[in-house]
Each structure stands twice: as C-alpha cells, then as structure tokens.
Amino acid sequence: MPDIRESAKTKNIASNTLFLFVRMLVITFLNLYIVRVIIKGLGVEDYGIFNTIAGVVTVASFFTGVLSLSLQRFFSFYIGKNDIQKQTEIYSSCINIIVILSFLIILIFETMGLWFVNTQLVIPDTRVTAVMWLYQFTIFTFIFSLFQIPYTAAIFAHEDIGIYAIVSTIECLLRLGAAILIGKFLIDNLSFYGMCLLISSSIIFIIYIWYGKRHYKECHYHKTTDKRLYKELLSFSGWTLFGNVANIGMQQGNIILLNIFFGATINAAFGVALQINNAFGALCNSIIIPLRPAMIKSYAEENFSYLNKLFSVGNKLMLYTLLAIGTPIILEMPNILNWWLNITDENFILFARLIIVYIVCLSMNNPITAIIQATGKVKEYHLKVESITLLCLPISWLFFTFHLPSYFALISMIAVSVVAHIIRLFCLRKYYRNFSINSYVTTLLLPGITILILGVGSSHLLQQNIDSNFLRVFFIFLYSPTFFIVSALLLGTNKSEKKVIYNYVHSFITKRLCR
C-alpha cells in the first residue's frame, strides 16, 4: 500500500516538474530576449540605473520570499494533517500581516528610502525626475507582489503547479510587451517601463486572487484572533526573514555597493549577470518546488523512508542538471553574450561566468532547507547560516575599499555561500537524525566533484580543437550535457535512486502521452 501511494505521489511530482520545466524554458527564453529589448530601448546607462533603483526597493523582497515559504510550509503541513480550519486561520492571519507590512514598507521607502536614493546613489542630474517616477512605480509594484503571496502559497501547497506555470508565463509576456513598447510613447522611457511593470503586477494579482478564492476553501478571509497562531507564524517567518535578508542582501546590497564604487556601467554588467542568475533560479525552482510540498507532507506523515529518497534524488537532480547546463554556458560565454546582447566587454563576461558558479553553490541548500522547514527548527539554522552570509557585504566593501576589481563582489558571494553550506549540513544532522554527513559527502559531493573535473576538462579539450565559433558552440552544447547526464546515471546514482528516477521519468512521459 505505501508503494502505491508513493507511486501516485511520484507521478504527481513528475507532472508538476513537467509544468515547471516547460515554464522555465519559456520564461528563460523570454527573459533573455526581454533583457535584449530593454537594453536596446533604455541604453546601457539607463539599464544600469533601472537595476540600481529596482535593487533599492527589492531589498525588501525578502518579505515576499519569507512569507511565501512560511505559508507553503504551514499549508503543506496541515494539508498532510487534513485540517482545513487551520489552513483558513493561517490564510486570514497572513492577510492581516501583509496589510500591516505594506503600510510599514510604504512609510520606510517614502522617507529613508527617498533620502538614500537622493543622497547616496550615483545618478546623472538629467535622470533625477525619471528616477523618482521609477522609484514610486517600483514601490507599488512590490506591494502588489506581497498580496499575491497567500494565493501562490496555496497553489504550491496543493501542488497545482500548472496554474502557477501558466500565470507566471502570462506575467513574463506582459513584461515583454512593456519592453517592446519602450520608446513608442511621448513618456520618458524609464518612467514608462516602471509604469508598465506596475500595471502588469496588478493584473497578475487579480488573476491569483480570482483563482484562489474560486478553488481553495481556505482562501476566504475570516477574522482570527488566535495569538498563538500569529506567534507561530511570526516566529517561523522571523527566522526565515533573517535568512532572506542575508540572501537578498548579497545580491541587492552588492548592486548598491557597485553603483557607489564603480558607477552605472558596472551595474549594467551585474544586472545582466542577475538575469542569468534568475534564469538558473527558475531552473532550480522547477526541480525543488514540486519536491518541497511532498517532502514536508512526508515529514508530517512520518514517512521518513520516502523523505530520504526525495532528498537524495532532489540533491542529485539539482547538482547534475546545473552542471550539465552551466558548464557549456560558462565555456562559451563570450559568444553567448555577443550573440545575445552584442556585448564583448570582459566585465560582462566575467560577471556572467561567476554568477553561474554562485548559483550552483547556493542552490544546493534547497533540499536541506526544505527538511529544516518541515521540522520547524528554523531558529538556530538561520541564525548560524545567515550570520555567515551577512558577511558578504562587509567583505565586498573591504575589497572595494582596497581598490580590488568589481568582480570581487561575486567572489565574496561564492565564498560565503560555500561556508554557509557547510554550516547547513551540520544543522540538518542535528535536527534530522536520518541524515548522515558522511553519506552526503561520499554519495553526492565526491562523485559530483569527480564528474565535474572530467566534464569540464574534456569539454575544454574539445573547445580548444574547434576553430569555428558556430561549430564549437554547437558541439560543446551537444557534448557537455550528454557527458554529465550519462556520467551522473553511471557514477552518481545507486540502484535505488536509478529506480526512483526511472519511475519519475516514466511517469513524466506517460502522463503527457496519455493526454
């Protein structure tokens, strides 16, 4: 009977992964094209300004990630317990929290935020008015994204990933339309694009609220005064908040430091790198989002055997997929940026390469964090891990104070991510007794490092022996992913994992063919 239930769960995960994988492909190509259109419409300097202003506001986006992950955890946990009343109370409590949070965010950004933009950022005098309009539009775009959280969390918890894939694709198409329209109206381009993003965000919010109230019983507001529930939500969210502050700070904080020390052009290079980071982030989400609710539900059901399988397969899917895709992109980054954005600047190339190394290091924490969230033991986890992560900004500041190059911002991000991951492993061992660091090292890290060395070495050797740019890119992108996939199956997985992956892929394919 457990095998039948696990098989059904695996089929559902496979279906959700398909939706997210298709979404990832569509949105990645759209986002890459959008960047090209935006840079063409705004110019390099204005694109750098846009990323700087967006970076100031999205420093607060850690609230979005925190509330979303917290709600997903609580929704998934009580779905596993089949407690609809508790789910409704969680939804209503979250709405109250978001309303209060929105007022606080507006107050902070209309006071201290305005002071910071006006006095600390390097902005050309001719662009001050446009920047002020962009700043206001960006604030309220962020507020709309906050109010989407309860509905996206419910969608993830119910594992209705296809809906999320469709709506997020619509959102991307709206942003593409906005980018294409830049320069078509007698409005400053920066201001116009900011206004379009606000309109797009409001449309997506309306879609989510309509779907949530129509399909989920818990997404209906009821007055709740359960102080214990607020305390539980805020305690869990508070420590998760600390974690997201550090992670957002690594990216958005470095945007601000780069602007202060190096100006808008380097911000543009970092902005392009972050677009690549977002593309890889979408790939990581297509792997972890279907697994996270199943992992939390398995923990709530005390089905630790299935949880261990999901953890192991999730780690290996994450690592080998990123290596298979990231390696050829790093090797051929000069050609990719040239064809994509007509950019050959060395700063852009180096930033783009280093951001891929960073996302590989950072993304490996996802399965670990999912189990920690399932246990609810987030306080010590985030306190230890993010205390290391928070060191990134002072380290970057010291690098720049000693006149080191701008790419050292990425060096500091990579270094603290590696150290933080080691801390994560010790925290997981403490709170989840079924986890073994020795097994993690021998079954994932050592085979992964071996396959990485062989894959990068053989790909580089092939690269050096092909003169034609087009042929070299073609063969590198054909050979490198094939090598990593085959090597992962032969050297990186055991018999049990091969069986899980086979069932996963079989379910993935047959469910689509039957339709």
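Every heavy atom of this structure was used, including side-chain atoms; hydrogens, water molecules and symmetry mates were not.
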Where do [X] and [Y] come nearest, in terms of heavy atoms and distance?
X: Val456; Y: Phe484; result: N-CZ, 4.3 Å
X: Pro328; Y: Leu323; result: CD-O, 4.2 Å
X: Arg424; Y: Thr369; result: NH1-OG1, 4.0 Å
X: Asn254; Y: Leu393; result: N-CD2, 3.6 Å
X: Ile359; Y: Leu322; result: O-CD1, 4.4 Å
X: Ile476; Y: Ser459; result: CD1-O, 3.2 Å

Would a 4.5 Å heavy-atom cut-off, applied to side chains only, mark [X] and [Y] as touching?
X: Leu425; Y: Arg429; value: no
X: Leu197; Y: Phe137; value: no
X: Asp345; Y: Phe348; value: yes
X: Glu171; Y: Ser200; value: yes
X: Thr450; Y: Leu491; value: no
X: Phe280; Y: Ile355; value: no
X: Val272; Y: Phe351; value: no
X: Asn434; Y: Phe311; value: no

Do the side chain of [X] and the main chain of [Y] share a donor and acceptor less than 3.5 angstrom apart?
X: Ser412; Y: Ala409; value: yes
X: Arg353; Y: Ile330; value: yes
X: Thr321; Y: Met318; value: no
X: Lys184; Y: Ile180; value: yes
X: Asn366; Y: Ser363; value: yes
X: Ser439; Y: Phe435; value: no

Report task. Say whether Thr327 and Ser480, considering side chains only, have a donor N or O and an acceptor N or O under 3.5 Å apart. Result ->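 The answer is no; no qualifying pair exists.
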
Report task. Scan side-chain atoms only and decide if Tyr320 and Ser487 contain a donor-acceptor pair under the 3.5 Å cut-off. Result ->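 No, because no side-chain N or O of Tyr320 sits under 3.5 Å from a partner of the opposite role on Ser487.
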
Give, for atom [atom1] of [X] and atom [atom2] of [Y], the distance between the pair rounded to the nearest 0.5 Å.
X: Ile166; Y: Ile163; atom1: CD1; atom2: CD1; result: 5.0 Å
X: Ile449; Y: Leu454; atom1: CD1; atom2: CG; result: 12.0 Å
X: Met364; Y: Leu319; atom1: CE; atom2: CG; result: 4.5 Å
X: Leu134; Y: Leu198; atom1: CG; atom2: CG; result: 11.0 Å
X: Ser305; Y: Leu310; atom1: OG; atom2: CG; result: 9.5 Å
X: Leu354; Y: Ile276; atom1: CG; atom2: CD1; result: 11.0 Å

Query raised in the report: Can Ile349 and Glu346 be said to form a side-chain contact (heavy atoms from CB on, under 4.5 Å), step by step?
Result: CA-CA 5 Å; Ile349 294 170; Glu346 287 298 323; 4.2 Å; yes

Report task. For atom CZ of Phe304, decide whether the heavy atoms of other residues, nucleotides or ligands shown that lie under 6.0 angstrom number more than 12. Result ->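 Yes, because the 6.0 Å sphere around CZ of Phe304 holds more than 12 heavy atoms from other groups.
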
Query raised in the report: CZ of Phe475: more than 12 outside heavy atoms within 6.0 angstrom?
Result: no

Query raised in the report: In terms of ring plane angle, is the pair Phe408 and Phe399 parallel, tilted or perpendicular, where the classes change at 30° and 60°?
Result: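 Rings of Phe408 and Phe399: perpendicular, over 60°.
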
**Report entry** Tyr479 and Phe483 aromatic ring geometry - parallel, tilted or perpendicular at 30°/60° bounds
**Finding:** tilted

Query raised in the report: Listed by chain and number, what are the side-chain hydrogen bond (donor to acceptor under 3.5 Å, both in side chains) partners of Glu332, not counting sequence neighbours?
Result: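 With neighbours one apart ignored, the set is Asn335, Gln463, Arg472.
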
Query raised in the report: Who passes side-chain hydrogen bond (donor to acceptor under 3.5 Å, both in side chains) against Asn308, sequence neighbours left out?
Result: Tyr432

Query - Working for side-chain contact (heavy atoms from CB on, under 4.5 Å), residues Asn315 and Tyr440 - result: CA-CA 10 Å; Asn315 275 312; Tyr440 185 88; 3.9 Å; yes

Query raised in the report: Does Phe262 have its ring centroid less than 6.0 Å away from the ring centroid of Phe400?
Result: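 Between Phe400 and Phe262, which both carry aromatic rings, the centre distance is below 6.0 Å.
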
Query raised in the report: Looking at Thr375, Leu428, Ile368, which hits side chain to side chain contact (heavy atoms under 4.5 Å, CB included) with Tyr381?
Result: Ile368

Report task. Dump the intermediate steps for side-chain contact (heavy atoms from CB on, under 4.5 Å) on Ser406 and Asn347, then the final yes or no. Result -> CA-CA 8 Å; Ser406 57; Asn347 284 316; 4.1 Å; yes

Report task. Before giving the answer on side-chain contact (heavy atoms from CB on, under 4.5 Å), spell out for Phe261 and Thr401 the whole-Å C-alpha distance, their side-chain angles and the decisive distance to 0.1 Å. Result -> CA-CA 9 Å; Phe261 281 92; Thr401 301; 4.2 Å; yes

